[in-house]
Each structure stands twice: as C-alpha cells, then as structure tokens.
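When a ligand or atom number is given, it counts from 1 through the structure's own listing order.
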Amino acid sequence: MKILVINGPNLNLLGKREISLYGKQSIEDILQSISKKYSCIMLDYLQSNIEGDLVNYLQDADQNYDGIILNAAAYTHTSIAIADAIAAIQTPVVEVHISNIFGREQERKTSLISANCIGSISGFGPASYELAVHFFNL
Ligand code: DQA
C-alpha cells in the first residue's frame, strides 16, 4: 500500500514550533516511527508553505496512491482551492490535525476541507498521522 502524507504551511517547523501545541517530534521522527510499525506501507512525504503547491500535490498524487493524509494547516480554515482539489480527485483523503482544532480559537473551528475528505482526525498529537495510516491499513 502506498500513502502520501502532505503537510501545509509551517509544518516544516514541527518539533521546533509551539511545542506545547504541536509536540517535540519532527515530521521525520513521526514518519519513521509509523514506518517501523507499518512495514507493509510505503509512505511518501511532501510539504509546502504555498497553497498552490498543495493543490498541485493533490492533483499529481491522484490515482498514484492508495490514500492521502493531508494536514493543510492554516489553509484548512481558508482554502476553497484545496477543498476543490480534494473533491476533484479520486484518491481518498484523510484530514489530520495534531491539535484539536475544535478546542482552539474560533477561526480554527471551521474546516473548509472536511466535507470533501473521507474523514477527519484532530487532536491526538503526532498520533493523528498514525491513526490515519491505521485507517488506510484496515
Ligand atoms: C494544525 C492546526 C491549524 O489550525 C494550524 O494552522 C496548523 C496546524 C494542526 O495540525 O493542529 O498549522 O493543522
């Protein structure tokens, strides 16, 4: 099984950024620990701080992966373009967030992408990514 993890803006700083919210683990740490547990899954990873790159990643990944795990970060709350890209492709997308977006500031409580994703996982820390992999592995 092939899964693509796509991270949006500022998630390149995981492990250094607002540690109380997002934890001490870098994305490399997170993906390495998932790969150890799920040796049958091939995980690829892309990250960009640019909205259009995320749209391109989704379009390019379509039908080349069994699933996509997307943490669109702040674009979750603003991007109709990313929501449209998810709707336009056939590969299922799981939305993930490290923090619980529903327990945070008002502007983070809305996700423009959720309705177009197969499901959403929010608030389990770095384990949110692993839970999404687990779903694809069911
Ligand atoms: C985030 C939550 C977003 O509101 C925020 O902009 C992020 C990270 C999360 O993983 O908890 O950058 O997507």
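Contacts between Glu18 and ligand 1, counted as non-hydrogen atom pairs separated by less than 4.0 Å, are absent for every part of the residue.
Checking side-chain atoms of Thr76 against main-chain N and O of Ser111 turns up no donor-acceptor pair under 3.5 Å. Using a distance-only test at 3.5 Å, with no hydrogens or angles considered, a donor-acceptor pair links the side chain of Tyr75 to the main chain of Asn49. Side-chain atoms of Ser122 come within 3.5 Å of backbone N or O of Ser99 as a donor-acceptor pair. Checked by atom type and distance alone, the side chain of Gln63 never pairs as donor or acceptor with a backbone atom of Gln90 at under 3.5 Å.
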Should Val93 and Ile118 be marked as a side-chain contact (heavy atoms from CB on, under 4.5 Å) after you check the CA-CA gap, both sets of side-chain angles, and the distance that decides it? CA-CA 6 Å; Val93 177; Ile118 191 155; over 6 Å; no
Run the side chain to side chain donor-acceptor pair (under 3.5 Å) check on Tyr38 and Asn137 step by step: do they pass? CA-CA 9 Å; Tyr38 293 85; Asn137 196 46; 5.4 Å; no
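Looking at atom 9 (C) of ligand 1, its nearest protein heavy atom turns out to be Ile98 N, 3.3 Å. Counting only heavy atoms of the protein, atom 7 (C) of ligand 1 lies nearest to Tyr22 OH, 3.5 Å. Scanning the protein heavy atoms around atom 12 (O) of ligand 1, the nearest turns out to be Arg17 NH2, 3.0 Å.
Here's the thing with Ala74: one of its N/O atoms is less than 3.5 angstrom from an N/O atom of ligand 1. Note: no N/O pair closer than 3.5 Å links Leu11 and ligand 1 by distance alone.
Annotation: cation-pi pair Lys2/Tyr65 present, NZ/CZ under 6.0 Å from the ring centroid and within 45° of its normal.
When His97, Arg108, Arg104, Glu105 are checked for heavy-atom proximity to atom 5 (C) of ligand 1, Arg108 turns out nearest.
Counting the atoms of ligand 1 from 1 in the order shown, those under 4.0 Å from a heavy atom of Ser99 are 2 (C), 9 (C), 11 (O). Heavy-atom contacts of His77 reach the following atoms of ligand 1: 3 (C), 4 (O) (cutoff under 4.0 Å).
Taking a 4.0 Å cut-off on heavy atoms, Asn71 registers as neighbouring ligand 1.
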